[in-house]
Amino acid sequence: MPYETVFVVDFGAQYAQLIARRVREANVFCKIVPYHRALETARAEKPKALIFSGGPASVYGAGAPRMDQAIFELGIPILGICYGVQFTAFALGGKVEKQEHREYGHAVIEVVDGNELLAGIGERTEVWMSHGDALTAAPPGFKVLAKTPSCPFAAIGDPARKIYGVQFHPEVTHTPKGRQILRNFLYQVAGLAGDWKMANFIEEQKKSIREKVGKDRVILGLSGGVDSSVAAVLIHAAIGAQLQCIFVDNGLCRKNEGQRVERTFRGHFKIPLMVADAGAKFLKELEGVTDPEQKRKIIGREFVRVFEEKARAIQGAKFLAQGTLYPDVIESVSAHGGPTSVIKTHHNVGGLPEDLGLALIEPFRELFKDEVRQIGTELGVPEDIVWRQPFPGPGLGVRIVGAITAERVKLLQNADEIVQEEIQAAGLYRKLWQSFAVLLPVRSVGVLGDERAYGETIAIRAVESTDAMTADWSRLPYEVLGRISSRIMNEVRGINRVVYDISQKPPATIEWE
């Protein structure tokens with residue numbers, strides 16, 4: 001591996017990705033590996049350190065995720081978090097027992113030993129607990145580093161073997177000194193240099209792409225979103241006109257999206273771009289369809305057909321480039337076969353037909369969204385693209401509840417444009433993970449001028465999140481909501497009611513369909 005690398009060993013944690021993000025923020029490259037492949041992968045790739053994640057299981061329960069104890073004999077520094085420390089203690093001769101009361105939420109630890117792992121965090125610090133089991137005896141060779149009144153083994157360590165564990169979650173923001181603890185492990189315990197820089201990554205990716213592609217051509221499906229846009233600019237910087245982008249306009253994009261994509265990529269970046277104007281075709285196939293899953297299947301199927309037709313016309317193409325991100329991969333393949341449940345299948349992970357005969361190039365396959373934004377900034381991608389909010393693969397097809405028609409698409413495009421303009425004007429765009437309009441199949445009575453009107457309903461959705469795994473509805477200022485509502489009802493003929501969605505994820509999803 002070209003970088004000092006840390007493995008996050010995934011025991012089914014909801015926070016595994018967050019641990020990886022924190023490690024990368026410390027300028028250390030990081031990969032998530034499932035627990036049942038950790039030993040063989042560590043032997044093959046020789047990471048500099050291992051972090052065992054939390055997880056929902058009880059270490060002594062039937063079917064609990066466990067690893068071969070040989071993992072502790074590799075001589076690699078280890079940090080166990082929550083279930084990770086429980087597994088470590090269980091495997092090395094300590095004792096873990098079910099607690100009478102689950103400990104969840106804020107706690108204050110008292111630091112007993114402030115060397116190495118807990119260096120520089122003070123005598124007492126606030127942490128976030130989330131566990132039903134806890135250590136009741138440390139393994140031989142381990143000492144207590146921190147405790148609470150209800151958790152006498154809040155942090156333990158064996159400095160000789162460089163194996164440590166914490167019962168709390170240092171990766172979450174609710175543990176204010178958590179990043180310092182992780183950095184202590186990476187720098188002081190594991191002795192890492194912390195020299196993984198995005199600029200180095202860019203140059204190495206460009207070199208790798210050139211070596212892989214040679215004189216052949218690469219096709220990239222350009223959506224206009226962050227991931228595919230930055231991928232296009234990176235690959236074009238590596239191989240120039242050997243890259244051919246294809247933009248499939250399915251008629252379900254944001255207002256004037258096709259013109260914006262052409263202006264940016266064909267005009268500004270001089271990247272070869274082929275545009276497929278297929279809106280009428282998609283609308284015909286979607287006529288009368290109201291089932292959300294059927295919509296997705298139709299849109300996905302037609303995208304493949306249109307893309308495939310354009311791709312086969314490109315001579316000398318041997319590679320297909322995609323803006324696949326690490327969370328896409330994890331969600332789509334259930335944490336690489338690990339214990340985490342499949343959440344959804346992404347349109348850019350295994351979605352295109354194998355008979356295209358193209359090898360994949362996915363430069364961002366092991367990166368998170370914020371890292372791709374950083375690459376985009378370094379490459380000079382316009383700010384309005386780098387910070388663009390996520391947009392669903394099926395486009396407005398999953399934001400029009402009920403039947404999709406050309407008229408309803410236009411209604412939603414116009415309403416959504418107003419949402420984007422007002423959110424931008426209020427300086428809230430970057431604060432939000434997503435903000436958009438949804439067209440509901442609900443008609444209600446209103447008054448337009450002095451006449452009775454029977455119009456449609458727009459729902460506004462605005463959420464805050466870090467990775468879309470969970471999301472909370474945004475408490476937008478009333479005056480912003482008021483301006484959005486007033487403009488939509490005054491400027492979008494056919495809409496006479498606007499509502500605001502205050503649902504969290506879970507149980508709701510971010511998109512309506």
Side-chain angles (χ1 to χ4, degrees), residues 6 8-9 11 13 15 18-19 22-23 26 28 48-55 59 69 71-72 74-97 99 103-192 194:
V6 171
V8 173
V9 178
F11 283 104
Y15 294 138
L18 187 54
I19 298 170
R22 295 290 179 253
V23 173
V28 175
K48 298 297 184 181
L50 303 172
I51 299 178
F52 297 168
S53 82
V59 72
Q69 291 193 32
I71 195 83
F72 297 103
L74 297 177
I76 301 173
I78 294 171
L79 173 64
I81 295 175
C82 199
Y83 181 91
V85 69
Q86 293 167 15
F87 166 75
T88 299
F90 181 86
L92 296 180
K95 194 171 183 180
V96 179
E97 295 181 293
Q99 301 302 290
E103 191 169 18
Y104 183 86
H106 293 280
V108 176
I109 61 169
E110 177 187 341
V111 175
V112 177
D113 187 329
N115 297 317
E116 292 192 12
L117 187 68
L118 302 183
I121 69 167
E123 295 181 358
R124 295 166 64 83
T125 189
E126 192 173 350
V127 299
W128 183 262
M129 295 280 192
S130 178
H131 61 95
D133 300 340
L135 275 66
T136 54
F142 282 75
K143 61 181 179 179
V144 175
L145 305 180
K147 63 183 180 179
T148 73
S150 60
C151 187
F153 300 93
I156 61 172
D158 181 346
R161 288 190 286 176
K162 296 188 176 182
I163 302 176
Y164 293 83
V166 294
Q167 185 59 74
F168 54 89
H169 288 274
E171 70 275 19
V172 302
T173 56
H174 304 302
T175 301
K177 300 291 181 66
R179 296 188 189 192
Q180 178 65 45
I181 294 170
L182 289 172
R183 287 171 181 264
N184 286 344
F185 173 70
L186 296 170
Y187 298 154
Q188 297 193 36
V189 175
L192 301 182

Handout entry: Shortest non-hydrogen contact between Gly194 and Val28, atoms and distance
Key = CA-CG2, 4.0 Å
Problem - Minimum side-chain heavy-atom gap Val6-Ile51 below 4.5 Å - result: yes
Completion exercise
Value for CZ (Arg179) from CG (Leu186), rounded to nearest 0.5 Å, stands at 13.0 Å
Problem - Min side-chain heavy-atom separation Val85-Phe153 under 4.5 Å - result: no
Exercise for the section: Compare every heavy atom of Ala89 with every heavy atom of Pro139, then report the nearest pair and how far apart it is. Expected result: CG-CA, 3.5 Å
Problem - Any residue meeting side-chain hydrogen bond (donor to acceptor under 3.5 Å, both in side chains) with Asp158, in chain and number order, not counting sequence neighbours - result: Arg161
Problem - Separation of Phe185 CZ from Leu118 CG (nearest 0.5 Å) - result: 12.5 Å
Problem - Residue pair Phe52, Tyr83: steps toward the ring-ring contact (aromatic ring centres under 6.0 Å, His included) verdict - result: CA-CA 8 Å; Phe52 297 168; Tyr83 181 91; 9.5 Å; no
Practice task
Work out which heavy atom in Pro152 is nearest to a heavy atom in Lys147; give both atom names and the distance.
Solution key: O-CB, 3.5 Å
Exercise for the section: Go through the steps for Ile121 and Val111 under the test side-chain contact (heavy atoms from CB on, under 4.5 Å), then give the verdict. Expected result: CA-CA 8 Å; Ile121 69 167; Val111 175; 3.9 Å; yes
Problem - Residue pair Leu145 / Asn115, side-chain heavy-atom distance below 4.5 Å - result: no
Problem - Close side-chain approach of Gln86 to Gln167, heavy-atom, < 4.5 Å - result: yes
Handout entry: From CD (Glu126) to NE2 (His174), nearest 0.5 Å
Key = 10.0 Å
Handout entry: Rounded distance (nearest 0.5 Å) linking atom CZ of Phe87 with atom CD1 of Ile81
Key = 15.0 Å
Practice task
Using the test salt bridge (charged side-chain N to carboxylate O under 4.0 Å, His left out), find all partners of Glu110 that sit at least two apart in sequence or belong to another chain.
Solution key: none
Handout entry: Min side-chain heavy-atom separation Lys143-Pro159 under 4.5 Å
Key = yes
Handout entry: Leu135 and Cys151, any side-chain heavy atoms less than 4.5 Å apart
Key = no
Practice task
May I ask you to test the Thr148-Val108 pair for a side-chain heavy-atom distance under 4.5 Å?
Solution key: no
Handout entry: Gap between atom CD1 of Ile78 and atom CG of Leu92 - 0.5 Å precision
Key = 8.0 Å
Problem - Taking every non-hydrogen atom, the tightest pair across Ile19 and Val8 - result: CG2-CG2, 3.7 Å
Practice task
Please assess Ile163 against Thr88 for the test side-chain contact (heavy atoms from CB on, under 4.5 Å), listing each intermediate value before the final yes or no.
Solution key: CA-CA 9 Å; Ile163 302 176; Thr88 299; 3.8 Å; yes
Fill in the blank from the handout: d(His169 NE2, Cys82 SG) to nearest 0.5 Å is 3.5 Å
Handout entry: Residue pair Leu79 / Leu182, side-chain heavy-atom distance below 4.5 Å
Key = yes
Completion exercise
In short, Lys48 meets Pro77 closest at the heavy-atom pair O-CD, 3.3 Å
